[in-house]
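A short worksheet on the structure shown next.
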Amino acid sequence: MNRGPYIFLGAFALLAFSWTAAILANQLGYGTLTPHYDAMEGKSFPAPQPGIVARGAMVYTDLGCAACHTQQVRRADLGGDLTRGWGERASVARDYLHEKTVQLGHNRIGPDLRNVGARYESPEDFYQLLYAPEQALPGSNMPAYRFLFEESKISGERSKDALDVAVAPGYQVIPTERARSLVAYLSYLEDVYAYPETQYVYPEKEASDDAAAEEEGQ
Amino acid sequence: MDPDSSLPQSPDSRPEWAEIDASIKVPVLFFVYAAAAWLVTATVLGFIASVQLVQPAFLADCAWTTHGRIVPLARNALIYGWGFNAAFAVLIWISARLCRAPAPQWGITLVGALFWNIGVKLGLIGIMIGQSTGHFLMEMPGYAAAVLFVSYGIIGASVAIIYSRRREGNLFVSQWYGLAALFWFPWVFTIGQAALVFGSIRGTGQAITAVWYGHNIYALFLAPIALGAIYYLLPKRLGRPIAGYNWAALGFWSFALFATFGGLAYLAGSPVPGWVQALGVSSNFMMLVPLVVIGYNFLGTMLGGTPAGGSGPALRFIKFGAIAFLVAGLMIKVFSVPQIYVTTQLTFVNEAMNQMHWYAFVSMSFIGAIYFIVPRLATHAWPSGALITAHFWSSVAGVVIVVASLVLAGIAQGGAINDVEAYPLFADISAHYSGYLVGAALGFLTLLVGQLAFLVNILMAIYQACFGGRVTDPTPLFPQPPVLEVNS
Amino acid sequence: MSDNSNNDFRREASGASDHDIQVVHGRMLANQEEPKEGYSLMPLFMLGFVSTMIFLVAIYFIHNRAGLSEGLGLATQIQDKRFNPDKHMPDDTVVAIDPIAVGQRLYAQVCVACHQVNGMGIPGAFPPLAAVDYVTGDEDRLINILIHGLQGPMEVNGVQYNGLMPAFGPSGTYNWSDEQISYVLTYIRQEWGNEASEITVERVAEVRAATADRTTMLTAADL
């Protein structure tokens with residue numbers, strides 16, 4: 001029996017179906033998703049990324065931060081993200097509209113970073129964490145990113161950008177351009193704006209079954 | 001008794017097979033060598049990555065070896081280096097043998113093979129120096145992807161020519177899988193690259209495309225070829241036809257249809273449309289259909305009696321791969337249950353499932369096929385039996401240790417992340433599961449021992465094939481197999 | 001190498017030839033209707049099993065399709081079946097805008113530099129806005145000043161000024177919309193003790209259309 005042509009046509013139809021359902025349908029759907037214009041604030045959300053933030057996102061991508069960090073705050077019924085203070089609300093698709101490379105991540109070896117800009121106030125905190133995580137957060141299993149910093153001899157006055165870390169006397173530690181961009185990106189990660197689709201708060205696990213039963217009863 | 005297969009002029013005549021084997025010998029042996037070398041590379045990188053999880057300072061001072069780059073390096077070396085090279089070797093062998101047709105000019109296939117490996121190296125260097133695209137299994141920069149695409153075109157065309165020249169009227173189930181995979185990969189690759197590397201999809205639509213691509217590299221290329229290898233080697237080694245062969249077509253089509261959406265389940269709970277998550281979870285449950293059919297084919301054949309040719313490495317690895325396929329299929333269903341994935345999602349369980357699919361199932365099946373193919377192409381027995389035994393047991397032990405440690409680590413990790421009161425600080429969480437990660441690192445070390453044995457054995461076998469003298473009549477080495485009967 | 005045993009670990013023997021595999025399996029497919037002992041149960045089991053799976057999974061999918069029936073576009077905002085856009089999503093089109101709040105923000109961004117937070121201006125340099133007839137009086141005059149700007153000597157509440165107020169209409173650099181102009185004017189007419197009427201967007205549009213010919217700034221004589 002010569003089934004070659006049937007296998008070929010079947011395989012083609014199957015992949016075409018898979019592509020239509022998984023890729024094309026979403027391309028169409030996401031095409032209609034736009035930033036939300038807030039007439040009260042006179043601005044659109046999410047806010048566009050300034051240049052340094054976009055460069056920082058590229059640093060985040062090329063260093064592979066997503067190997068250990070996710071960028072998705074999950075609903076109240078899907079774990080302890082909100083209780084842990086990783087976000088004020090769960091992430092929604094609209095939050096990521098300006099990300100050139102969306103880095104949802106798939107393993108939480110470190111904490112979620114989607115809302116990290118709201119958790120750390122000053123760039124100095126981020127620099128400390130990147131330069132010496134073990135000192136900034138005792139017990140942390142994050143590797144140090146010393147190569148994002150330059151150790152230089154102090155000539156004249158100490159630079160105002162120098163990190164407050166222990167180095168040999170007469171020397172200072174200065175963040176490089178890449179470190180500055182990365183920290184600008186991390187500080188930008190602050191999903192606090194309340195979109196129409198975030199107004200609904202999902203009930204926690206125990207309550208959710210009742211809510212579902214209630215809805216079905218209606 | 002089957003009258004057709006004992007015709008006076010047997011189609012199994014030795015000169016014909018010698019011609020076919022000679023036409024594929026050089027590229028297949030090259031693919032096998034390259035695959036084994038990449039396998040060792042990938043495991044070394046995987047070991048480094050797992051050590052870094054326990055000792056963060058290890059190789060952290062250089063941007064090229066930071067953990068975030070070692071992880072994609074290990075993954076890409078395993079899939080595009082080992083997985084694809086081994087898949088090409090197995091695909092070419094199965095196609096030429098089952099089509100009973102010689103391959104076209106082997107020199108051209110070899111050029112494709114060389115360029116494929118150059119492409120992988122370019123891609124890995126690109127990731128190392130910071131040009132990663134950041135999408136799962138698509139980390140290689142665009143120029144490396146272009147090289148891979150062109151070289152796949154050369155390799156794929158030579159396999160397609162084998163099919164077009166075929167002298168067997170029937171298409172065996174292994175050929176369905178092989179033929180379909182042959183056409184699926186370039187489409188999946190083009191769609192993924194066009195959407196994410198060369199074009200751009202907005203927002204989390206990127207994440208959907210990336211998991212679709214990443215899962216389909218497994219589900220529509222590596223897995224079909226591995227299944228094809230198992231379907232081929234079980235009757236070939238055991239001397240029994242596939243049990244319930246009538247159902248194999250159902251298994252084939254349902255596997256392809258549902259496995260292609262399986263990756264979307266990784267996004268359950270993520271900021272993507274709810275129907276996409278539901279589609280992924282539904283497909284994972286529908287995978288029970290191909291799992292039952294293929295499981296019936298495999299287990300029915302394996303348990304049908306004593307093997308005709310005694311035990312051997314090919315049969316052992318293939319059996320392990322077949323059982324790992326079924327176990328992985330069941331595990332994926334367990335981790336698709338909402339009450340369970342609340343804990344296990346975004347943890348090491350994802351990594352454990354990848355190891356289960358890529359290593360326990362696909363790689364073990366490919367290794368089994370390679371153990372069968374190489375002596376026949378080299379016309380010499382494997383140089384060392386001890387290295388084979390070492391490879392088998394260290395692979396079994398390594399896979400079990402790696403998967404078990406990662407699953408346990410993932411469950412501990414997920415439970416701790418969700419229990420905010422008991423583990424308020426993140427440092428407490430990592431301390432809670434780091435013991436299991438030591439186990440995973442030891443597992444990679446165990447795997448590495450066996451893979452070094454494998455590589456040494458392959459190098460010796462290739463040396464024998466080149467300088468061990470030509471064997472004009474391999475019949476004493478590989479005697480004519482007995483006639484296959486339907487009701488054996 | 002000379003070992004002829006079939007069970008050599010280093011070179012496994014085949015149990016069947018490739019041609020036999022093709023022929024036997026080809027025949028198995030061709031003869032699938034051939035009845036055999038205990039064989040007929042398998043199709044029955046498979047039929048039941050496959051249809052049960054399809055049935056159950058279809059129920060699961062339809063139950064969890066979460067907005068797929070609302071269209072692909074809206075579905076991108078619906079991540080779970082419990083989220084019901086009709087019930088839980090405020091309607092975008094009827095979001096009530098508070099003109100005072102928006103006006104206050106605009107004032108704080110731009111006007112405050114001259115007219116100050118308390119609306120008192122700087123005597124002799126920038127005129128006040130609180131308790132001034134130009135602000136609380138004729139609506140059209142006020143709109144006109146904002147659209148076209150004002151320059152030259154003038155007297156406000158008995159103090160002489162000789163300054164320049166930029167145009168916020170199309171001839172100036174701000175080029176505010178009718179909405180923005182109406183919000184900020186409403187704000188200054190109702191702040192700092194002022195209690196004048198609201199200025200509507202429509203009124204601004206009318207004035208803008210009526211004075212579209214003007215290319216120069218207003219002076220005190222035009223008021």
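Remark: aromatic rings of B:W212 and B:F261 are distant, center separation not under 6.0 Å. A ring-centre distance under 6.0 Å is not found for A:F147 and A:F149. Taking the six-membered ring for Trp, A:Y96 and A:Y30 have ring centres at least 6.0 Å apart. Proximity of the aromatic rings of B:F136 and A:H106 is defined here by a centroid distance below 6.0 angstrom, and this criterion is met.
Only the backbone of A:E99 has a heavy atom closer than 4.5 Å to any heavy atom of chain B. There is no contact between B:L182 and chain A, counting heavy-atom distances below 4.5 Å. Of the two parts of A:Y60, neither the backbone nor the side chain holds a non-hydrogen atom closer than 4.5 Å to a non-hydrogen atom of chain B. Proximity to chain A (any heavy atom under 4.5 Å) is restricted, for B:A416, to the backbone atoms N, CA, C and O. Interface remark: B:A431 contributes no atoms to any contact with chain A (heavy atom separation under 4.5 Å). Of the two parts of B:P338, neither the backbone nor the side chain holds a non-hydrogen atom closer than 4.5 Å to a non-hydrogen atom of chain A. Interface remark: B:F58 contributes no atoms to any contact with chain A (heavy atom separation under 4.5 Å). For A:P133, no part sits under 4.5 Å from any heavy atom of chain B, backbone or side chain. Only the side chain of B:V71 comes within contact range of chain A, with at least one heavy atom under 4.5 Å from a heavy atom of that chain. Residue A:A90: no heavy atom, backbone or side chain, is found under 4.5 Å from chain B. Proximity to chain A is absent for every atom of B:I70, based on heavy atoms less than 4.5 angstrom apart. The contact between B:W275 and chain A is made entirely by side chain atoms (from C-beta outward), counting heavy-atom distances below 4.5 Å. Heavy-atom distances place both the backbone and the side chain of A:A11 under 4.5 Å from chain B. Looking at B:S270, both its backbone and its side chain come within 4.5 Å of chain A, counting heavy atoms on both sides. Interface remark: A:L63 contributes backbone and side-chain atoms alike to the contact with chain B (heavy atom separation under 4.5 Å). Heavy atoms of B:A57 lying under 4.5 Å from chain A are absent altogether. Of the two parts of B:L257, the backbone and the side chain both hold a non-hydrogen atom closer than 4.5 Å to a non-hydrogen atom of chain A. For B:A268, the part lying near chain A is the backbone, with the side chain staying farther off; criterion is any non-hydrogen pair under 4.5 Å. Proximity to chain A is absent for every atom of B:Q55, based on heavy atoms less than 4.5 angstrom apart. Contact of A:I7 with chain B is made through backbone and side chain together, with heavy-atom distances under 4.5 Å. If you measure heavy-atom distances from A:R178 to chain B, the contacts under 4.5 Å come from the side chain alone. Interface residue B:V272: backbone and side-chain heavy atoms are both found under 4.5 Å from chain A.
Here the side chains of B:L406 and B:Y436 are not in contact, with every heavy-atom distance at 4.5 Å or above. Side-chain atoms of A:R74 and B:Q345, non-hydrogen and from C-beta on, do get closer than 4.5 Å to each other. The closest side-chain heavy-atom distance from A:P175 to A:R180 is below 4.5 Å. With contacts defined as side-chain heavy-atom distances shorter than 4.5 Å, the pair A:H36/A:P196 qualifies. With a 4.5 Å cut-off on side-chain heavy atoms, B:L267 and A:L104 count as touching.
Among A:V73, A:L33, A:D81, the residue with the largest count of heavy-atom pairs under 4.5 Å with chain B is A:L33. The candidate with the highest count of non-hydrogen atom pairs below 4.5 Å against chain A, out of B:T204, B:N418, B:I129, is B:T204. Chain A forms the most heavy-atom pairs under 4.5 Å with one residue out of B:D428, B:T347, B:N350, and that residue is B:T347. When the candidates A:G10, A:A66, A:A144, A:C65 are compared by the number of heavy-atom contacts under 4.5 Å with chain B, A:G10 comes out ahead. Interface summary for chain B: among A:G85, A:S140, A:G79, the most heavy-atom pairs under 4.5 angstrom belong to A:G79. With chain A as partner, the option from B:F252, B:F348, B:W176, B:Y163 having the largest number of non-hydrogen pairs under 4.5 angstrom is B:F348. Ranked by non-hydrogen atom pairs under 4.5 Å with chain B, the options A:S91, A:P111, A:C68 are led by A:P111. Among the candidates A:L148, A:I23, A:V59, A:L97, the residue making the largest number of heavy-atom pairs closer than 4.5 Å to chain B is A:I23. Top candidate by heavy-atom pairs under 4.5 Å with chain A, chosen from B:A60, B:G205, B:A180, is B:G205. When each of A:T61, A:L15, A:T70 is scored by its heavy-atom pairs under 4.5 Å with chain B, the top score falls to A:L15. In terms of heavy-atom pairs under 4.5 Å with chain A, the best-connected choice from B:G269, B:S430, B:A210, B:G134 is B:G269.
In this model, no donor atom of one side chain and acceptor atom of the other lie less than 3.5 Å apart for B:Q175 and B:R166. Side chains of A:H98 and A:Q49: a donor-acceptor N/O pair is absent below 3.5 angstrom, by distance only.
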Trace of the ring-ring contact (aromatic ring centres under 6.0 Å, His included) decision for B:F183 with A:F12: CA-CA 8 Å; B:F183 291 108; A:F12 180 80; 9.7 Å; no
side-chain contact (heavy atoms from CB on, under 4.5 Å) between A:Q27 and B:R202, intermediate numbers included: CA-CA 8 Å; A:Q27 180 73 329; B:R202 301 170 74 221; 5.9 Å; no
Audit row: B:Y245, B:F172, ring-ring contact (aromatic ring centres under 6.0 Å, His included) steps and yes/no: CA-CA 10 Å; B:Y245 184 67; B:F172 181 57; 5.6 Å; yes
A:F126/A:Y120 under ring-ring contact (aromatic ring centres under 6.0 Å, His included): CA gap, chis, key distance, verdict: CA-CA 7 Å; A:F126 285 113; A:Y120 289 97; 5.4 Å; yes
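Under 4.0 Å is where a charged nitrogen must lie from a carboxylate oxygen, and between A:E177 and A:R55 at least one such pair does. Comment: A:R75 engages A:D77 in a salt bridge, judged by a side-chain N to carboxylate O separation of less than 4.0 angstrom. Residues A:R84 and B:D419 are not paired through a salt bridge, judged by the lack of any N-O separation under 4.0 Å between the basic side chain and the carboxylate.
Within residues 188-195 of chain B, the residues approaching chain A closer than 4.5 Å by heavy atoms are, in numerical order, B:V188, B:I191.
Exactly one residue among A:D95, A:D191, A:N115 makes a side-chain hydrogen bond (donor to acceptor under 3.5 Å, both in side chains) with A:R89. That residue is A:D95.
Open room surrounds CD on A:E150; 12 or fewer heavy atoms of other groups in view lie less than 6.0 Å from it.
Under a cutoff of 6.0 Å and an axis angle of 45°, A:R146 and A:Y131 form a cation-pi pair.
In this structure, CZ in A:R119 is found 12.0 Å from CZ in A:R114, a value given to the nearest 0.5 Å.
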